[in-house]
Structure formats: structure tokens, C-alpha cells
Amino acid sequence: MSSNMSVVGLQWGDEGKGKIIDLCTEEFDVVVRYQGGSNAGHTVVVGGKKFVLHLVPSGILHERKLCVVGNGVAFDPPLFLQEVEDLRRQGVAIEGNLKVSDRAHVVFPYHKILDQLNENNNSNNKIGTTGRGIGPCYTDKMARCGFRVAELLDTRHFREKLKWVLEKKNQQISMLCGKDRLSYDEIAAGYAEYAEAVRPFVTDTVTLLAQEMKRGARILFEGAQGSLLDVDFGTYPFISSSSASACGVPAGAGVPPRDVGKVLGIMKAYITRVGEGPFPTELTGEMGQQLRENGGEFGATTGRPRRCGWFDAVAVRHAATINGADAAALTKLDVLSGQKEVKICTAYQCNNKTLTHFPANTVMLSDVEPIYEVFPGWDEEIRNARKFSDLPSEAGAYVRALEDAVELDVEIISVGSERDEIIRV
Ligand code: GDP
């Protein structure tokens, strides 16, 4: 097997991938983001200092690691430049260690407007998007009217193409809200400036990664969002617009499928989701509120409160299967301290039938009842646990039950947000 590794979320995102990626980066030479856009928000806490990364790979917090924004990412130039500036201000060294694919697709202001208009006009079918234009950017990529970063840097071509694309977009905007919203001159001038500012970062990352692998470099592929938000395998249509599972790695990073490497799935000790969509184990009452507060479950990008629920092993098994997950990292076990009992959903009840597989029909998923196995909880604070044997026996038993329920070994247990709050199993 290749010595690379892909780190992916096995739930609806916010599993704590940022922390695990940061932890694993030590063993790798290159970190590559392969999908999603600035809607992703990975939080890494180092020495009490909090970094929130949106487009820049989490590996940037380590010196001498090459970080790559892959071709599968929806690339927003002003937000990228702002993020780089913010990181530099926080003392992070960014010089030749950050590269952007010349094949990544560019997010434009009309993508954001269309994102928000689509969501607002869609009262029966809101997706709960962050409104950052990622979905419409991917739509344009598929509809073959998007811009690769390479086209943005080709000044003459860019100005020509923007004319017809913007005309089309302004027609769409005016159909949805009755007026032409965007000026060609403003976008052309603004993006010409961005082009010059991002130019030093842009390169042919397909060739770069091939060369790196040839010289023996190890690559870590960083997933954003989670597998249950994957465009093909998630809870359609309440999903992101990209392949958030490891299936997206070859296409989104620009490497051959054989180089995906080990797949490490990240799962929280409970489950959350942001935005709309079915959520069989959701806890809407006091218990949900408690998990939200204890776990700080508010979006890193939007501040939106996350919906919280018991661990759903049916959903995670589905995610582990499509990813071909080799092992799991379990995060936020500390958040469950103080619960009298903890629950794992092992199957769903649906029309007098027991379902052990995650249904493709999202409407059906809204109607299922979770079937739980119930385990005793623990009172102890566990943030100082550094060995499995430091955990209260109930917490240890819960981890073992999760492993059985999802048919994966847990290799890492995270017991706090700091880098060292970790147990290697
Ligand atoms: P990501 O997008 O998957 O990286 O997840 P987020 O960054 O949105 O959310 C994870 C949040 O949980 C961040 O605020 C992390 O600092 C925090 N976190 C990660 N692991 C742990 C853990 O084991 N315990 C606690 N209490 N917080 C954690």
C-alpha cells in the first residue's frame, strides 16, 4: 500500500478532523486539501492559541511541510488572501510552502449571490448552505462555464470569457430577484488584482505531487466536511457539492487512485450536523442543548449552533464502507463525561422493519426510529487521560462498543481540543 494517508470525516462534518490532521502531519511531508471550499472550517488549538483554517490545509501550522490546495477545491481568491494574511499576522510562516492548483475552480461574487437567492427562493427545500458560493461554483464547473485558476491568470482570456459568463449570470440573477446585480468592470478589475496576488502561489500541482511522490515524500490528504455530506453517498439533497469521502481524493488532489493510501476515518463520540436534513438520532431537548454546550458545537465558519445527537453507527458504518476506512480516530470523548448513560444507535426501525443499512432515500431516513444500545456513563473528567487504561472503565467499554458497532479499530482517542490531549490506542 502507498505510504500516503487520507483523513476523512465519517459523519456530517465537524468531527475534529483539523486536530487529528494537525497531529498526524508530523509524519508527512505534504498536506493536500482535495475538495470543498471556504465553507470548511478546521479548528486547531496549539499552545492555547486557536487557528481556524478554511482554504489553507491544516498542515501549515507545522514548519517545513508543503501545503497544497488541490484542483478539486472551490477557490475563493479574496478569502484565500485574507486567510494567508491572518495566518502570517499570527506568526505562521507562509512562503514557498503553500501552493494552489492551477486547475482549481474560482468562486466569484455571482456564485455567492446565486447561492443565497437559491436558498431563499427554495422555501420548501432549504439545504442550509453557508451561502459562500461553493455549490454554484461546482455547478459551473460541471456546466463547463467555470474558470480554472489558470484562466484567471491569463488576463486577456479572462476578460473575454468573463463577458459572456457574467451576462449569463446576470440573467439568472435578474430572473431570481428582478435586477441586474453585478458590474463587469468591477469584477474584471477586482479579479485582475487578485490574480496578481495569488500568482506566486499557483502551480501545476499534478506535476508537483507526482514529483514529490517520486522522491519518496509522504502525502496526507485532508478531507473537508464529512462523508454523510458527500455528493454521491450523503443524505442527498442535504449535502455539500463535492466528494467529501476518500473517493474524492484522486480526482480532487490530482493523484492516481493507488496513491490514496491508508484511510483514517474521524468520528465524534456523538454526532452533529449543521443545516437542514434528516438526522435520526437528533436530541432536540435538554440533552441536545447539553451536548451543544459541553462540546462547543457552534460552526467554526458561521457560528451556527450545530444539531446534536447520539452516535449513529448505521450512518458511520455506511461512511466507513464507502471510504474503505482502515481505522478510526475517535474525538470529543471528554464531552460525554457526566452523562448517566450513553447510547449508540445500531439499527433503525422503519415501517415495522429493522434497517441495518443507511437508506439512499432521504425522505425515508426522516421517518426512521433509532434503535439504541444503552451503556453506563461516567462522571470523571478525562482530559488528562493519556493511556487507554487511564480512562474510566465505562468510557473504555463505550469505545470498545463503538468499535464493534462500526467494525473499525479506534487508533486515536481525542480527549480535549489541545494537541497533546490524546490517547494512542
Ligand atoms: P473539523 O472541521 O472536522 O476540523 O471540526 P471543527 O474544527 O469544526 O470542530 C471541532 C471542534 O472541536 C474544534 O473547536 C476543536 O478544537 C474541538 N475539538 C477537537 N477534538 C476535540 C476533543 O477531543 N475534545 C474537545 N472537547 N474538543 C475537541
Side-chain angles (χ1 to χ4, degrees), residues 6-25 31 33-61 130 220-230 240 242 244-245 264-275 290-308 311 316 319 328-339 381-386 390-391 395 398-399 402 410-425:
S6 298
V7 179
V8 295
L10 294 182
Q11 296 166 329
W12 279 293
D14 308 315
E15 297 92 348
K17 296 176 293 297
K19 172 176 170 175
I20 303 296
I21 289 162
D22 174 66
L23 191 79
C24 296
T25 298
V31 182
R33 261 288 296 278
Y34 61 89
Q35 44 73 233
S38 59
N39 51 348
H42 292 169
T43 312
V44 184
V45 183
V46 186
K49 213 164 157 184
K50 183 171 162 181
F51 299 88
V52 182
L53 299 146
H54 300 288
L55 276 166
V56 175
S58 308
I60 202 73
L61 304 178
T130 54
L220 189 154
F221 300 103
E222 170 177 343
Q225 288 97 35
S227 302
L228 301 177
L229 294 172
D230 184 281
S240 67
S242 62
S245 66
L264 179 67
I266 316 299
M267 55 191 203
K268 235 180 320 211
Y270 48 98
I271 194 166
T272 59
R273 88 172 288 170
V274 181
Q290 230 182 67
L291 279 181
R292 182 154 44 251
E293 276 163 21
N294 295 350
E297 296 296 352
F298 298 89
T301 303
T302 59
R304 281 192 287 183
R306 295 175 183 149
R307 299 157 66 195
C308 300
F311 189 93
V316 173
L330 180 69
T331 60
K332 294 196 148 184
L333 186 61
D334 55 297
V335 174
L336 295 182
S337 286
Q339 298 302 332
E381 161 72 72
I382 59 170
R383 291 184 86 128
N384 292 323
R386 295 292 175 271
D390 292 341
L391 290 174
Y398 180 63
V399 175
L402 287 176
V410 169
E411 278 188 350
I412 299 174
I413 303 171
S414 174
V415 290
S417 53
E418 277 284 350
R419 234 182 213 174
D420 63 343
E421 290 174 327
I422 207 90
I423 297 171
R424 296 213 183 243
V425 184

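For this chain, numbers begin at 1 and follow the sequence in order. Just so you know, ligand 1 is whichever comes first in the structure, and atom 1 is the first atom listed for that ligand. Hydrogens, waters and symmetry mates play no part in the numbers below; they use all other heavy atoms, side chains included.
If you check each of Gln11, Arg306, Glu222 against atom 9 (O) of ligand 1, the one with the closest non-hydrogen atom is Arg306.
Of the possible polar contacts, one joining the Tyr398 side chain to the Ala269 backbone as a donor-acceptor pair under 3.5 Å is found. A donor-acceptor pair is defined here as one N or O able to donate and one able to accept, closer than 3.5 Å; such a pair exists between the side chain of Gln35 and the backbone of Ala224. Judged by distance alone, the side chain of Asp334 and the main-chain N or O of Ile382 form no donor-acceptor pair under 3.5 Å. Ser227 contributes no side-chain N or O that, together with a main-chain N or O of Gln11, makes up a donor-acceptor pair within less than 3.5 Å. Side-chain N or O atoms of Lys19 include one that pairs as donor or acceptor with a backbone N or O of Glu418 at under 3.5 Å.
Close approach to Lys19 involves these atoms of ligand 1, each under 4.0 Å from a residue heavy atom: 20 (N).
Checked by distance only, ligand 1 and Ser414 come closer than 3.5 Å through their nitrogen or oxygen atoms. Polar contact check, Leu333 against ligand 1: no nitrogen or oxygen pair lies under 3.5 Å apart. At least one N or O atom of Gly16, backbone or side chain, sits closer than 3.5 Å to an N or O atom of ligand 1. Here's the thing with Asp14: one of its N/O atoms is less than 3.5 angstrom from an N/O atom of ligand 1.
Taking CG from Asn39 and OG from Ser242, the interatomic distance works out to 7.5 Å, rounded to the nearest 0.5 Å. The CD atom of Glu15 sits 12.5 Å away from atom OG of Ser414, with the distance rounded to the nearest 0.5 Å.
Taking a 4.0 Å cut-off on heavy atoms, Gly416 registers as neighbouring ligand 1. In this structure, Lys268 does not count as a contact residue of ligand 1, since none of its heavy atoms falls inside 4.0 Å of the ligand.
Of the heavy atoms in Asp334, only side-chain atoms (C-beta onward) come closer than 4.0 Å to ligand 1. Of all the heavy atoms of Gln225, none lies under 4.0 Å from any atom of ligand 1, so neither backbone nor side chain is involved. Looking at Ile266 against ligand 1, nothing comes within 4.0 Å, counting heavy atoms.
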Check step by step if side-chain contact (heavy atoms from CB on, under 4.5 Å) holds for Val52 and His54.
CA-CA 7 Å; Val52 182; His54 300 288; 3.6 Å; yes
